*Asks:* 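Sharing a structure below in structure tokens format, with a few things to ask.
Since we're looking at a predicted model, the values are computed, not measured. Every chain is numbered from 1 and lettered A, B, ... according to where its sequence line falls, protein lines coming before strand lines.
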Amino acid sequence: MTDQATRAAGPAPSPQRAARDVPDVPKEPVFTTQDLNIHYGSFHAVTDVSMEFGKNEITALIGPSGCGKSTVLRCLNRMNDLIPAARVSGEVRYHGIELYGPKIDPIEVRRRIGMVFQKANPFPKSIYDNIAYGPRVTGMKVDNMDDLVEQTLRRAALWDEVKDKLKQNAYGLSGGQQQRLCIARAIATNPDVVLMDEPCSALDPIATLRIEELMAELRELYTIIIVTHNMQQAARVSDRTAFFTVKVNETTGDRTGGLVEYDRTTKIFENPSDQRTEGYISGRFG
Amino acid sequence: MTIVSAPIEPPSVEPPLSLEPSSRRLGEKAIVALLFAAAALAVLITVGIVLAIAGPTVEFFRQIPFSRFFSTEPWAPNFVPDGFGVYSILAGTASIVLYSCMIALPAGLGAAIYLNEYASHRARKILKPVLEVLEGIPTVVYGLFALAFVAPLLQQIWPTFLPGKLGDPPGFQFVLSAGVVLGIMIIPTVASVSQDAMSAIPGGLREAAYGLGSTKMQVATKVVVPSAFSGIVASFVLGLSRAVGETMVVLMAAGAIANLTLWPNDPVLTMTAFIGRTATGDVGFGTTTYYTLFAVAALLFVITLVINTISIALVRKFREVYE
Amino acid sequence: MRQSGRTRIAVDAARAGTESLERRGIDVKGELFRAVLLLCISIGIVMLATLLAYVIVAGWPRLDLSLFTEMPSTRDPNTSGFLPAIVGTLYVMIGVLVTTVPIGVSAAIYLEEYADSSKWYNRLIEVNIQNLAAVPSIVFGILGLAFIVRGPWGLGFVAFAGSLTLMMMVLPTVIIASREAIRGVPSTLRHASLGLGATRWQTVSRQVLPVSLPGILTGTILAMSRAIGETAPLLLVGATTFVRFLPEGLFDGAYSVITVQIFQWAMRPQEEFRTLAAAGSIVLVALLLLMNSVAIWLRNKYSRAY
């Protein structure tokens with residue numbers, strides 16, 4: 001609904017930020033997927049995704065509902081494990097290590113690959129305890145928790161707003177602040193990657209802008225992969241964009257999600273090579 | 001927006017990166033095992049019930065033949081000459097179930113319809129806790145009430161003009177006083193399970209009927225009750241099961257005489273009351289009377305198990321339709 | 001099949017609707033129906049009021065301090081009291097509390113957070129809990145008599161035997177209530193915690209349990225009040241011994257409880273003992289009403305936390 005509205009608002013968005021030097025292919029891939037397929041029971045959710053995610057880049061996954069972009073994202077830190085019927089096949093390599101290998105512990109994976117969810121989900125605890133939770137449960141060696149909380153909140157550009165109410169319940173914050181707190185919480189354990197699953201879909205434009213600014217700052221430190229419904233957002237913040245769509249098997253009528261085109265964001269938005277991408281970008285379908 | 005550059009080093013993945021478990025998480029595994037054990041205890045209790053009852057019951061039937069137990073001979077396990085015809089106390093249970101369900105089922109259903117379709121939000125907020133309190137009164141207090149208040153009252157107003165057996169004034173313990181009290185005691189159970197079923201009906205069905213100009217009564221009788229039917233039946237079955245299994249009210253108010261009768265003014269002995277009464281007396285371990293206790297308990301357990309299985313299956317069927 | 005059933009219902013309703021359009025004036029049938037429904041719900045309320053009035057009027061003469069401080073006596077009902085029964089109830093309930101809560105909550109956590117319900121043994125556990133919840137209470141007494149008082153455990157007729165018997169009886173209540181409370185915790189919280197690299201147990205113990213605590217507490221209070229008010233199974237596991245002294249402990253000596261004491265007074269022919277039973281009932285009902293009110297208050301207070 002909302003992205004329909006945003007899309008109708010104007011012509012095809014173009015990358016507004018002065019484009020960074022984005023190499024043609026990711027130089028230092030953090031993730032590499034090869035023929036990734038994901039099933040939910042008998043439903044084939046994602047078919048044959050092969051792509052690389054670059055270090056300290058922001059990669060945006062866009063596409064219509066049901067195209068499997070969130071499913072792919074959740075597969076990168078093994079959150080799909082929480083769905084009993086989910087099955088992953090193909091390869092997902094993280095710094096060369098097969099993420100779905102037999103000895104891999106999903107808990108260790110999630111400690112390195114943080115996640116921010118669609119709806120802000122702070123714990124019903126104080127702001128301080130929200131930040132300290134990750135370091136505490138992961139057994140991180142922390143000399144001074146107060147310092148860590150402060151640094152984390154500063155990094156998330158939230159410190160000035162909350163420094164006087166660290167002991168208050170996080171539910172007292174505004175929606176945008178809650179989502180930034182969730183980002184702060186995710187980076188408190190100093191992860192390598194932060195996955196964001198439509199982090200702004202429940203926020204107003206001003207709160208959205210603040211989060212986008214924050215992402216730009218955080219790119220220097222973390223690899224960020226974001227799923228978004230909002231094409232302008234992808235154009236504004238990302239270095240690379242992957243366009244997914246729903247593919248319908250003409251003989252069986254089965255629907256499955258798949259990757260159509262993956263390239264530098266400037267290329268995707270200015271000169272897409274696939275017609276389907278162009279159609280989606282210019283709002284012709286989706 | 002400025003960001004104070006943080007003194008923390010940018011994250012670096014130091015080789016060799018390992019994603020294998022950093023510890024064996026034995027504590028975690030031990031906890032899961034403990035939690036599973038706690039859940040499995042429920043199965044163990046059931047097995048325990050079956051074992052506890054089975055052994056002595058087998059012993060009972062070694063001493064008393066099947067044909068004597070399932071017969072109409074008098075029920076007098078601890079008398080001389082003894083008698084073990086379980087039909088007499090089965091009849092007692094049936095009689096109690098008959099009179100209590102005559103009250104509990106219609107009244108419970110009516111209460112559920114009222115709560116779900118008629119009561120205002122405020123009325124419901126008062127009525128539901130009242131029903132919960134009714135459910136929470138200890139059965140021994142109900143028993144006292146039946147014995148010391150309801151029975152004398154019924155004795156006084158007994159319609160003695162009725163012809164034949166029905167016109168005989170009852171003694172101080174008889175089926176009807178226990179049945180009435182037990183029936184009212186069960187109303188909340190029937191009402192709450194029925195109402196759960198009614199409130200699970202999709203609102204659209206109800207709105208469609210109202211949209212067509214139906215009255216409240218028509219919605220209640222033609223839409224709500226038929227749609228929630230299996231849930232309502234489940235509540236009836238559950239009420240029935242409670243009537244079969246209730247001990248204190250019948251033990252205190254229904255009497256102590258095993259009686260192959262369904263008259264409302266007769267005293268009866270039910271299966272539960274027999275167990276309760278025998279247990280309060282002196283029962284020598286290993287006597288035939290002791291084993292009788294278990295044989296009756298076995299019968300009671302099997303009957304309620306069958307009833308409950310029906311009820312659970314009905315509730316599940318209802319859920320499948322609407323959830 | 002089902003679809004056609006629902007269609008039929010809808011058609012019936014539609015027909016009923018058109019019929020009613022033709023009717024004018026007061027809907028006599030409808031009003032009568034409402035009156036009958038009101039009667040149905042009133043029966044229970046009137047009965048409750050009568051019952052409370054009866055026990056208060058009947059028990060009032062003996063509702064004094066000696067009720068709490070005196071030993072029971074079969075000779076003089078006027079100086080007879082409930083002291084050993086009150087202490088016995090306390091002992092039994094402590095035993096119920098310390099066994100039921102950890103087992104019940106653990107079982108609920110397992111079933112909600114860990115169990116894969118497609119596995120046969122987990123389904124078996126679920127069906128068992130449902131069935132146990134509907135087993136007549138006196139059957140638990142039989143189990144207690146055969147396995148706890150005598151048999152393999154052989155505790156004898158002591159307070160803890162009563163505790164274990166009641167524990168088995170109220171365990172399903174605690175499990176079912178705790179499961180509902182745990183299920184009420186939004187899954188976003190679990191995902192947030194797991195996404196940070198917390199283990200299952202860390203997530204359960206630090207996020208899920210604190211949030212579901214009010215619900216678990218409500219269920220526990222209701223289960224405890226059920227156990228306090230229970231009589232039948234205790235008749236079989238020793239609470240009927242006539243005790244003129246305080247129980248020595250959870251594992252030693254004879255014991256009695258309030259409900260059984262009420263039962264025994266009520267069954268005596270003399271009117272004075274009935275008065276005593278009614279006075280004991282007032283105390284018991286007041287205690288249970290208090291517990292229920294606390295539970296309802298807790299539930300309402302926290303029901304809209306999320």
*Asks:* Measuring from B/Leu144:CG to C/Phe263:CZ, what's the distance to the nearest 0.5 Å?
*Replies:* 11.5 Å

*Asks:* Answer with side chain, backbone, both or neither: which region of B/Ala112 has an atom nearer than 4.5 Å to a non-hydrogen atom of chain C?
*Replies:* neither

*Asks:* What are the two closest heavy atoms between B/Gly276 and C/Ile138, and how far apart are they?
*Replies:* N-CD1, 3.6 Å

*Asks:* Would you say the side chain of C/Ser106 lies within less than 4.5 Å of the side chain of B/Leu34, judging by non-hydrogen atoms?
*Replies:* no

*Asks:* Taking side chain as everything from C-beta outward and backbone as N, CA, C, O, which of these in C/Val135 sits under 4.5 Å from a heavy atom of chain B? Side chain, backbone, both or neither.
*Replies:* both

*Asks:* Any side-chain heavy atom of B/Val244 within less than 4.5 Å of one from C/Pro136?
*Replies:* no

*Asks:* Which heavy atom of C/Cys40 sits nearest to which heavy atom of B/Ala111, and what is that distance?
*Replies:* CB-N, 3.7 Å

*Asks:* With a 4.5 angstrom heavy-atom cut-off, which part of C/Leu132 approaches chain B: side chain, backbone, both or neither?
*Replies:* side chain

*Asks:* Against chain C, work out which of B/Gly245, B/Ala148, B/Gly143, B/Gly183 has the most heavy-atom pairs shorter than 4.5 Å and name it.
*Replies:* B/Ala148

*Asks:* Is C/Leu39 in contact with chain B via its backbone, its side chain, both, or neither, using a 4.5 Å heavy-atom distance?
*Replies:* neither

*Asks:* Heavy-atom distances under 4.5 Å only: say whether C/Thr259 touches chain B with side chain, backbone, both or neither.
*Replies:* both

*Asks:* How about C/Leu235 and B/Met248: do any of their side-chain heavy atoms sit closer than 4.5 Å?
*Replies:* yes

*Asks:* What part of B/Leu251 gets within 4.5 angstrom of chain C, counting heavy atoms only: side chain, backbone, both, or neither?
*Replies:* both

*Asks:* Heavy-atom distances under 4.5 Å only: say whether B/Pro106 touches chain C with side chain, backbone, both or neither.
*Replies:* backbone

*Asks:* Given a strict heavy-atom distance threshold of 4.5 Å, which part of C/Leu288 is in contact with chain B: side chain, backbone, both, or neither?
*Replies:* side chain

*Asks:* With a 4.5 Å heavy-atom cut-off, do B/Phe294 and C/Leu145 have their side chains touching?
*Replies:* yes

*Asks:* Under 4.5 Å from any heavy atom of chain B, what part of C/Arg200 do you find: side chain, backbone, both or neither?
*Replies:* both

*Asks:* Only one of B/Val150, B/Ile187, B/Val181 forms a side-chain contact (heavy atoms from CB on, under 4.5 Å) with C/Met47, so which one is it?
*Replies:* B/Val181

*Asks:* Side chains of B/Val32 and C/Trp201: does their closest heavy-atom pair fall under 4.5 Å?
*Replies:* no

*Asks:* Heavy-atom distance under 4.5 Å between the side chains of B/Phe36 and C/Tyr121, does that happen here?
*Replies:* yes

*Asks:* Using non-hydrogen atoms and a 4.5 Å limit, figure out which bit of B/Arg277 sits close to chain C: side chain, backbone, both or neither.
*Replies:* side chain

*Asks:* Please classify the contact of C/Ser42 with chain B as side chain, backbone, both or neither, using a heavy-atom distance under 4.5 Å.
*Replies:* neither

*Asks:* Report which part of B/Val180 has an atom under 4.5 Å of a heavy atom belonging to chain C: side chain, backbone, both, or neither.
*Replies:* neither

*Asks:* Of the backbone (N, CA, C, O) and the side chain (C-beta and beyond), which part of B/Arg242 lies under 4.5 Å from a heavy atom of chain C, both, or neither?
*Replies:* neither

*Asks:* Counting only non-hydrogen atoms closer than 4.5 Å, does B/Thr272 touch chain C with its backbone (N, CA, C, O), its side chain (CB onward), both, or neither?
*Replies:* both

*Asks:* Sort C/Ile296 into side chain, backbone, both or neither according to what part of it lies under 4.5 angstrom from a heavy atom of chain B.
*Replies:* side chain

*Asks:* Going by an N to O cut-off under 4.0 Å, is there a salt bridge joining C/Arg299 and B/Glu132?
*Replies:* yes

*Asks:* Does the side chain of B/Phe149 reach to within under 4.5 Å of the side chain of C/Val55, using non-hydrogen atoms?
*Replies:* no

*Asks:* Of all the heavy-atom pairs spanning C/Tyr110 and B/Leu35, show the shortest one and how long it is.
*Replies:* CB-O, 3.6 Å

*Asks:* Can you tell me which portion of B/Thr221 sits under 4.5 Å from chain C's heavy atoms? Options are side chain, backbone, both or neither.
*Replies:* side chain

*Asks:* Using non-hydrogen atoms and a 4.5 Å limit, figure out which bit of B/Tyr290 sits close to chain C: side chain, backbone, both or neither.
*Replies:* side chain

*Asks:* Checking C/Ile103 against chain B: side chain, backbone, both or neither under 4.5 Å from a heavy atom?
*Replies:* both

*Asks:* With a 4.5 angstrom heavy-atom cut-off, which part of C/Tyr114 approaches chain B: side chain, backbone, both or neither?
*Replies:* side chain

*Asks:* What part of B/Ile49 lies closer than 4.5 angstrom to a heavy atom of chain C: side chain, backbone, both or neither?
*Replies:* both

*Asks:* Would you say B/Phe229 has more than 12 foreign heavy atoms packed within less than 6.0 Å of its CZ?
*Replies:* no

*Asks:* So which part of C/Leu236 gets closer than 4.5 Å to some heavy atom of chain B, the side chain, the backbone, both or neither?
*Replies:* both

*Asks:* Give the minimum heavy-atom separation between B/Ile45 and C/Phe140, together with the two atoms involved.
*Replies:* CG2-CE2, 4.2 Å

*Asks:* At a heavy-atom separation under 4.5 Å, does C/Leu48 approach chain B through its side chain, its backbone, both, or neither?
*Replies:* both

*Asks:* Any side-chain to backbone donor/acceptor pair from B/Glu28 onto C/Thr199? Under 3.5 Å, distance only.
*Replies:* no

*Asks:* Check each atom of B/Ile53 against the heavy atoms of chain C and say whether the ones under 4.5 Å are side chain, backbone, both or neither.
*Replies:* side chain

*Asks:* Give me the atom names and distance for the closest heavy-atom approach of C/Ala107 to B/Ala39.
*Replies:* CB-CA, 3.5 Å

*Asks:* Tell me, for C/Ala133 versus chain B, whether the close heavy atoms (under 4.5 Å) come from the side chain, the backbone, both or neither.
*Replies:* neither

*Asks:* Hey, could you give me the CG/OG1 distance between C/Asn131 and B/Thr46, rounded to the nearest 0.5 Å?
*Replies:* 7.0 Å

*Asks:* Does any backbone or side-chain atom of B/Thr139 lie under 4.5 Å from a heavy atom of chain C? Answer side chain, backbone, both or neither.
*Replies:* both

*Asks:* Heavy-atom distances under 4.5 Å only: say whether B/Ile307 touches chain C with side chain, backbone, both or neither.
*Replies:* neither

*Asks:* Determine yes or no for a side-chain-to-main-chain donor-acceptor pair under 3.5 angstrom, with C/Gln130 supplying the side chain and B/Ile312 the backbone.
*Replies:* no

